[in-house]
Amino acid sequence: MTGQNAGAAPARVVLIEDSEPIRQMIAVYLTNNGMKVFEADTVSAGRRAVNLLKPQIVLLDLGLEDGDGIDLLPEIVNQKIPCMVISARSQALDRVISLEKGAHDYMTKPIELRELLLRMRRMMATQSIVSSPSETIWAFGEIKVDQALRAIIPASGTKNVPITAMEFKLLRMFTSRAGRVVDRAELAKVIGVRSVEVSRALDISVSRLRKKLRDAGYEVNLRSVRGSGYLFSSDAITLGDDADTVSYTHLR
Ligand code: CA
């Protein structure tokens with residue numbers, strides 16, 4: 001995310017599909033259309049990706065190696081994540097069962113990519129209107145913070161990591177300016193330090209934030225730029241420990 005795309009973060013899409021050529025084709029197309037696509041090729045990898053990333057939309061194949069995508073559907077829609085089934089099964093029954101189980105839409109392969117994109121955009125537009133204002137989860141890419149609990153939600157099964165209001169402000173400032181240097185004077189204001197001379201306090205706060213993110217399993221690239229400020233690079237977010245079963249693809 002180096003270019004500033006009118007301020008909007010790219011929509012995160014989890015694509016669960018076991019056929020590599022189809023997955024690639026869809027992923028490349030959606031990426032070229034400004035979305036961030038995370039690929040999974042099994043039910044279990046898909047489940048992990050959805051739970052971890054809380055994407056804006058899920059594309060779900062039904063025939064997967066380790067099970068039927070339909071079993072994953074209720075788990076996805078229970079999290080209020082819109083899901084589109086993409087399946088080679090063209091029987092009315094599959095379509096009906098999918099819609100009954102909460103799928104927002106259903107497309108039969110072969111997938112017409114432009115149509116897929118249009119339908120996805122429509123789904124997301126509807127979703128943003130109906131999404132609940134009581135949502136307390138703030139997310140940036142893989143990083144999630146529960147604002148009600150005042151805690152960073154860990155990337156992998158460990159405990160929530162408490163975060164102070166000030167650290168959260170810093171995090172929001174860094175993520176909103178990802179890829180750009182945020183200067184020390186601005187950051188000093190965020191932490192309530194008037195003079196840049198007391199910058200030691202700033203460095204301590206930033207390193208504490210970095211440590212907390214790391215404790216929660218997020219390895220972020222947040223570095224000091226000598227003489228000017230800090231640079232947070234969003235492309236460098238990686239997940240700790242057990243992210244290996246999901247392939248996180250950031251196609252460019
Ligand atoms: Ca399949």
Side-chain angles (χ1 to χ4, degrees), residues 10-127 139 141-142 144 155-157 237-239 241-252:
R12 297 189 308 283
V13 179
V14 167
L15 167 60
I16 307 168
E17 164 67 65
D18 62 345
S19 153
E20 196 177 347
I22 296 177
R23 209 172 58 228
Q24 286 258 319
M25 176 189 75
I26 295 176
V28 169
Y29 184 78
L30 296 180
T31 303
N32 288 341
N33 281 279
M35 297 182 181
K36 199 158 185 175
V37 182
F38 301 89
E39 302 174 37
D41 59 358
T42 59
V43 171
S44 60
R47 175 180 290 121
R48 296 164 63 83
V50 170
N51 293 340
L52 219 55
L53 302 164
K54 300 275 186 271
Q56 270 93 34
I57 199 163
V58 175
L59 301 181
L60 178 66
D61 180 25
L62 295 184
L64 296 162
E65 277 165 31
D66 61 339
D68 197 321
I70 209 131
D71 297 330
L72 198 53
L73 240 182
E75 293 177 41
I76 298 168
V77 297
N78 281 346
Q79 300 184 57
K80 298 199 173 76
I81 301 170
C83 181
M84 155 135 33
V85 170
I86 44 171
S87 177
R89 301 183 201 163
S90 57
Q91 290 184 3
L93 188 61
D94 288 307
R95 180 184 292 267
V96 169
I97 290 175
S98 297
L99 295 173
E100 233 172 37
K101 292 211 174 199
H104 283 57
D105 206 348
Y106 192 106
M107 280 183 79
T108 306
K109 292 173 193 168
I111 299 291
E112 163 55 46
L113 290 170
R114 281 167 304 178
E115 184 187 355
L116 174 70
L117 182 65
L118 286 174
R119 288 186 183 220
M120 287 173 72
R121 286 191 171 145
R122 196 181 58 193
M123 282 165 71
M124 286 188 292
T126 321
Q127 187 66 10
E142 292 85 352
K144 290 191 294 295
S156 45
I237 299 170
T238 55
L239 294 160
D241 292 334
D242 51 5
D244 51 328
T245 53
V246 183
S247 72
Y248 295 93
T249 312
H250 300 235
L251 298 160
R252 260 290 112 182

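Atoms within each ligand, like the ligands themselves, are counted from 1 in listed order. Reckoned from all heavy atoms, side chains included, excluding hydrogens, waters and symmetry mates.
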- Query: If we only count heavy atoms from C-beta on, is the M35 to M120 side-chain gap below 4.5 Å?
  - Reply: yes
- Task: Side-chain contact test, heavy atoms from C-beta onward, threshold under 4.5 Å: evaluate it for I86 versus L60 and give yes or no.
- Result: no
- Give every protein N, O or S atom lying under 3.0 Å from the Ca ion (ligand 1), naming each by residue and atom. D18 OD1, D61 OD2, G63 O
- Task: Can you tell me which residue pairs pass the side chain to side chain donor-acceptor pair (under 3.5 Å) test with a partner in residues 10-20, sequence neighbours excluded?
- Result: E17-K109
- Item | Under 3.5 Å side-chain donor-acceptor pair for N51 and Q79 | yes
- Taken in chain and number order and not counting sequence neighbours, the residues that satisfy side-chain hydrogen bond (donor to acceptor under 3.5 Å, both in side chains) with Q91 are none
- Item | side-chain contact (heavy atoms from CB on, under 4.5 Å) involving L99 - partner list, sequence neighbours excluded | R95, A103
